[in-house]
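Every value quoted in this text rests on a predicted model; they were computed, and no experiment measured them. Note on naming: letters A, B, ... go to the chains in the order of the sequence lines (proteins, then strands), and numbering restarts at 1 for each one.
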2 protein chains.
Amino acid sequence: MKIGELAARTGVSIRSLRYYERQGLITPLRQANGYREYSLLSVETVETIKLYLNLGLSTEEIAGFLNCVLKKKEAFCAEVMPLYRSKLEDIERQLLQLNQIKQNLEERIASIQQEQQESE
Amino acid sequence: MKIGELAARTGVSIRSLRYYERQGLITPLRQANGYREYSLLSVETVETIKLYLNLGLSTEEIAGFLNCVLKKKEAFCAEVMPLYRSKLEDIERQLLQLNQIKQNLEERIASIQQEQQESE
DNA sequence: ATAAACCCTAACACCAGTGTCAGGGTCAAG
DNA sequence: CTTGACCCTGACACTGGTGTTAGGGTTTAT
């Protein structure tokens, strides 16, 4: 299938599909006229890429283990676990920070409201 | 005082001070030789900017109310509250999303570990 | 008078993925 | 043969704050 069809099937833009290719995530064959030719497997590959992107991994990180997980079970790709763990740590750091900001904002909102009431 | 001294006093890099100026957050006088000349008030202004940046506001957003809060109490600057509220909503959206990702990661880690154990 | 320590502006780089445009092929149906 | 719907590459833009460098002026102390 050509790129437009793959885009339609996966919901990923043509632009992004070409970007994934440049990042080494997917390598379609080429027709004689230069058009990219994707197999049905490509659909699965792109879905897999989407899944990992949604986990907050970068295309570069995904490139490091995609070939492996496409062939074997995720559990047996040595690269995956440490990446998951460090990503989880990142997430937790971000959660802490966001919660801190949230608390500050809430306190600030509360104190503004109090000040306004006192002046009435 | 010159820019280096203000940077030392506030812990904000010279680069950032010049950036804040370009964003309209602070407007130092100029000496005859072109050097920026900051007053003591500038220290307070920069501390205020830091505070708002830490709340997750952008320099552009800060520019919208900085003059007001420097003159009056925060409670009486009409621009502040809606901004705080919408920023809080942003934060909450991000928290939801991060928690979702975190949960996915944790589930995935758990299932990988289970699969590995089963194969032993 | 020279070196060290300041200051100035302008501009590129970064992160990461996507949009968009320019300029140009290919192909099928009418 | 033309129109429209595809496809191709390459390149700039954007986000937002900061680092860094290049190229050059000023001031202060020795």
Exercise. Tell me, which pairs form a ring pair (Phe, Tyr, Trp, His ring centres under 6.0 Å) where one or both residues lie in residues 91-117 of chain B, sequence neighbours left out?
Worked result: none
Exercise. Just the endpoints, please: which first and last nucleotides of DNA chain D, 5' to 3', lie under 4.0 Å from a heavy atom of chain B?
Worked result: dG16(D) to dT27(D)
Exercise. Under a 4.5 Å side-chain heavy-atom rule over Ile, Leu, Val, Met, Phe, Trp and Tyr, are Ile91(B) and Met81(B) clustered together?
Worked result: yes
Exercise. Are Leu17(A) and Leu53(A) in one and the same hydrophobic cluster, where Ile, Leu, Val, Met, Phe, Trp and Tyr link if side-chain heavy atoms are under 4.5 Å apart?
Worked result: yes
Exercise. Are any non-hydrogen side-chain atoms of Leu55(A) and Arg108(B) less than 4.5 angstrom apart?
Worked result: yes
For this session: Residues of residues 28-46 of chain B with any non-hydrogen atom less than 4.0 angstrom from an atom of DNA chain C: list those, numerically ordered, please.
Result: Arg30(B), Gly34(B), Tyr35(B), Arg36(B)
Problem set entry | Arg18(B) CZ to dC7(C) P, straight-line distance once rounded to whole Å | 8 Å
Exercise. In whole angstrom, what separates Ile3(B)'s CD1 from dC6(C)'s P?
Worked result: 13 Å
Problem set entry | Rounded interatomic separation in angstrom, taking CD from Glu60(A) and P from dG17(C) | 9 Å
Problem set entry | For the student: nearest non-hydrogen atoms of Ser13(B) and Ala7(B), plus distance | C-CB, 4.4 Å
Exercise. Does anything in residues 7-17 of chain A reach DNA chain C, meaning a heavy atom under 4.0 Å, and if so which residues?
Worked result: Ser13(A), Arg15(A), Ser16(A)
For this session: With sequence neighbours excluded, tell me which residues meet side chain to side chain contact (heavy atoms under 4.5 Å, CB included) with Arg36(B).
Result: Ile3(B), Arg18(B), Glu21(B), Pro28(B), Arg30(B), Tyr38(B)
Seminar exercise, completed: Separation of dT18(C) atom P from Gln23(A) atom CD, nearest Å, is 10 Å
Exercise. Does Glu89(B) pair with Arg85(B) as a salt bridge, N-O distance under 4.0 Å?
Worked result: no
For this session: Scan for salt bridge (charged side-chain N to carboxylate O under 4.0 Å, His left out) pairs involving residues 53-66 of chain A, sequence neighbours excluded, and state none if there are none.
Result: Glu61(A)-Lys87(A)
Problem set entry | Which residues share a side chain to side chain contact (heavy atoms under 4.5 Å, CB included) with Leu70(A), sequence neighbours left out | Thr45(A), Thr48(A), Leu66(A)
Problem set entry | 4.5 Å side-chain heavy-atom contact, Asp90(A) and Arg93(A) | yes
Problem set entry | Check: Leu40(A) and Met1(A) side chains under 4.5 Å, non-hydrogen atoms | yes
For this session: Only counting residues at least two apart or in another chain, list the ones meeting side chain to side chain donor-acceptor pair (under 3.5 Å) with Gln31(A).
Result: Glu37(A)
Pairs under 3.5 angstrom only: tabulate donor-acceptor contacts from the side chains of residues 97-105 of chain A to other protein residues two or more places apart or in another chain.
from      : atom 1 : to        : atom 2 : distance (Å)
Asn99(A)  : ND2    : Leu95(A)  : O      : 3.1
Gln103(A) : NE2    : Glu107(A) : OE2    : 3.4

Exercise. Rounded to whole angstroms, how far apart are CD on Glu21(B) and P on dA10(C)?
Worked result: 12 Å
For this session: Tell me whether the OP1 or OP2 atom of dT18(C) has a side-chain N or O from Tyr19(A) closer than 4.0 Å.
Result: no
Problem set entry | Single-linkage hydrophobic cluster Val46(B)~Tyr35(B), side-chain heavy atoms < 4.5 angstrom | no
Exercise. What's the NZ-C1' distance between Lys87(A) and dA16(C), to the nearest Å?
Worked result: 12 Å
For this session: Would you mind listing every ring pair (Phe, Tyr, Trp, His ring centres under 6.0 Å) that reaches into residues 44-100 of chain A, with sequence neighbours excluded?
Result: Tyr52(A)-Phe65(A)
Exercise. So, is Thr59(A) close to the dG17(C) phosphate, meaning a side-chain N or O under 4.0 Å from OP1 or OP2?
Worked result: yes
Exercise. If we fit an axis to the first five pairs and another to the last five of the helix from dA1(C)-dT30(D) to dG30(C)-dC1(D), what angle do they make, to the nearest 10°?
Worked result: 40°
Output one line per pair: protein atom, nucleotide atom from nucleotides 21-23 of chain C, and distance, for all N/O pairs under 3.5 Å.
none

Exercise. Are any of the side-chain nitrogens in Glu47(A) or Lys50(A) under 4.0 Å away from the carboxylate oxygens of its partner?
Worked result: yes
